[in-house]
Trainee: 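Below you will find the structure I want to go over with you.
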2 protein chains.
Amino acid sequence: MKKNNHLYQEFLLKHGLKSTKQRRLIFEKFIMTQGHVSADGFCNVVKKADPSIGQATVYRMLKLLTESHIARKLEMGDGIGMYELNLGRDHHDHLICEKCFKCVEFKDDALEELQIRLAGDHGFTLTGHKMFLYGLCAQCR
Amino acid sequence: MKKNNHLYQEFLLKHGLKSTKQRRLIFEKFIMTQGHVSADGFCNVVKKADPSIGQATVYRMLKLLTESHIARKLEMGDGIGMYELNLGRDHHDHLICEKCFKCVEFKDDALEELQIRLAGDHGFTLTGHKMFLYGLCAQCR
DNA sequence: TTCTGTGCAAATGATTTGCAGCCAG
DNA sequence: CTGGCTGCAAATCATTTGCACAGAA
């Protein structure tokens with residue numbers, strides 16, 4: 001927990017924020033997140049730990065966490081914002097089954113290199129990317 | 001225009017739809033679309049040609065056009081659905097400048113192959129993909 | 001005629017915001 | 001104390017839907 005506390009302090013400092021019990025709780029819960037959560041789903045997680053926390057606070061924190069690159073916001077298909085932990089993780093992409101909606105994360109060095117090259121070919125300096133591959137998984141095929 | 005008429009008939013047939021003046025107009029306007037349009041922006045284009053057409057009809061058509069792969073729906077970052085013409089075009093991806101929001105379309109065969117391989121590595125049959133590269137363009141850097 | 005298509009306005013669902021009170025520094 | 005933070009409810013924004021009427025087959 002010491003390590004998370006360090007990250008939390010750094011996060012507050014970067015944004016010039018005060019520490020509050022709400023922010024601490026939301027931060028800790030988000031750090032423990034596995035896979036993808038919707039803002040609404042994450043609200044429930046937070047409210048289970050402390051029902052007095054309002055959803056606006058959760059939305060405001062998710063925005064801050066995303067700006068700090070602690071969270072990453074994804075929009076896969078429908079218009080619902082999904083969040084995932086993006087803390088000290090390698091950049092990864094998503095492979096989504098169109099039938100069962102299973103989502104596999106993967107990472108590929110050749111892909112990363114290719115993306116940098118493609119951006120460079122058009123005079124861009126790459127800062128990030130989002131890629132979703134859609135298909136049918138082994139079970140659904 | 002004969003060619004578009006053919007596409008229009010095919011589109012109606014595939015969905016079992018009737019031809020109406022609204023559908024014909026919206027179809028023609030969409031075929032002429034350059035780059036990306038929001039649903040709302042496209043509504044304005046349609047309404048300029050015929051103000052009596054309601055936005056619900058435009059939204060309903062955009063959904064149908066997307067299902068026919070005549071349109072492609074993109075969601076880049078904010079929660080706004082953007083549409084682009086996807087008719088007989090090669091699959092392409094997008095490179096977006098984070099500063100000026102300029103959007104460059106590109107296509108790369110090595111990328112397409114790599115995506116198929118990556119999907120296959122995880123037991124998936126690839127049916128489609130969306131990729132957004134974010135970076136800084138030559139002018140903004 | 002018959003049933004699909006349409007415009008309107010109201011409904012929805014996700015997210016944001018205004019505001020009065022609260023609390024960390 | 002004081003300005004930032006919070007919860008609440010109301011406000012937005014994009015999109016969808018219910019419904020009565022219009023119009024294609």
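Only this structure's heavy atoms are used, side chains among them; waters, hydrogens and symmetry mates stay out. Proteins get letters first, then strands, A, B, ... in listed order; numbering begins at 1 in each.
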Trainee: Using the heavy-atom set of chain A and a strict 4.0 Å cut-off, write down the first and last nucleotide of DNA chain C that makes it in, 5' to 3'.
Mentor: C:dA14 to C:dA24
Trainee: Do the side-chain N and O atoms of B:S52 and B:D50 include a donor-acceptor pair separated by under 3.5 angstrom?
Mentor: yes
Trainee: Would you mind reading off the distance between A:I26 atom CD1 and D:dT6 atom C1', rounded to a whole angstrom?
Mentor: 10 Å
Trainee: Tell me whether the side-chain N/O atoms of A:R23 come closer than 4.0 Å to OP1 or OP2 in D:dT6.
Mentor: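 Looking at the OP1 and OP2 atoms of D:dT6, one of them is under 4.0 Å from a side-chain N or O of A:R23.
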Trainee: Just the rounded figure in Å: distance from P of D:dA25 to CG of B:L13.
Mentor: 13 Å
Trainee: Is a side-chain donor-acceptor pair under 3.5 Å present for B:S19 with B:Y8?
Mentor: yes
Trainee: For B:D93, which of B:K130, B:K107, B:Q115, B:H129 qualifies under side-chain hydrogen bond (donor to acceptor under 3.5 Å, both in side chains)?
Mentor: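 That would be B:H129; it is the only one of B:K130, B:K107, B:Q115, B:H129 passing the side-chain hydrogen bond (donor to acceptor under 3.5 Å, both in side chains) with B:D93.
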Trainee: Would you check if there is a donor-acceptor pair between the side chains of A:E112 and A:H92 at a distance under 3.5 Å?
Mentor: no
Trainee: Can you tell which of D:dA24, D:dA14, D:dT16 lies closest to the side chain of B:T20?
Mentor: D:dA24
Trainee: Select base, sugar-phosphate, or nothing to describe what B:K47 touches, counting heavy atoms under 4.0 Å on all strands.
Mentor: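 Nothing, no heavy atom under 4.0 Å.
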Trainee: Just the rounded figure in Å: distance from P of D:dA14 to CG of B:N44.
Mentor: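 Answer to the nearest Å: 11 Å.
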Trainee: Expressed in angstrom and rounded to an integer, what is the separation of A:E75 atom CD from D:dC13 atom P?
Mentor: 18 Å
Trainee: Please state how far atom CD in A:Q22 lies from atom C1' in D:dC8, giving the value in whole angstrom units.
Mentor: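 The distance from CD of A:Q22 to C1' of D:dC8 comes to 14 Å, rounded to the nearest Å.
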Trainee: Quickly work out the A:Q55 CD to D:dC8 P distance and round it to whole Å.
Mentor: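 In whole Å, D:dC8 P lies 10 Å from A:Q55 CD.
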Trainee: Whole angstrom is fine here: how far is it from CG in A:L17 over to P in D:dG3?
Mentor: 18 Å
Trainee: Please state whether the phosphate of D:dT15, meaning OP1 or OP2, lies under 4.0 angstrom from any side-chain nitrogen or oxygen of B:Y59.
Mentor: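 Looking at the OP1 and OP2 atoms of D:dT15, one of them is under 4.0 Å from a side-chain N or O of B:Y59.
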Trainee: Within this structure, what is the CZ-to-P distance between A:F27 and D:dC5, rounded to whole angstrom?
Mentor: 16 Å
Trainee: Check each of B:E10, B:Q9, B:H15, B:K14 against B:L12 using the side chain to side chain contact (heavy atoms under 4.5 Å, CB included) test, and report the only one that passes.
Mentor: B:Q9
Trainee: May I ask you to check whether A:F30 and A:F42 place their ring centres under 6.0 Å from each other?
Mentor: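 That pair passes the under 6.0 Å test.
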Trainee: Between A:F11 and A:F27, is the gap from one ring center to the other below 6.0 Å?
Mentor: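 Yes, they do, as the ring centres are separated by less than 6.0 Å.
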Trainee: Could you check A:V58 against B:K21 and say which one's nearest nucleotide on DNA chain D is further toward the 5' end?
Mentor: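 Between the two, 5'-proximity favours A:V58.
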Trainee: Could you tell me whether B:S19 contacts a base, only the sugar-phosphate backbone, or nothing, with contacts defined as non-hydrogen atoms closer than 4.0 Å?
Mentor: sugar-phosphate
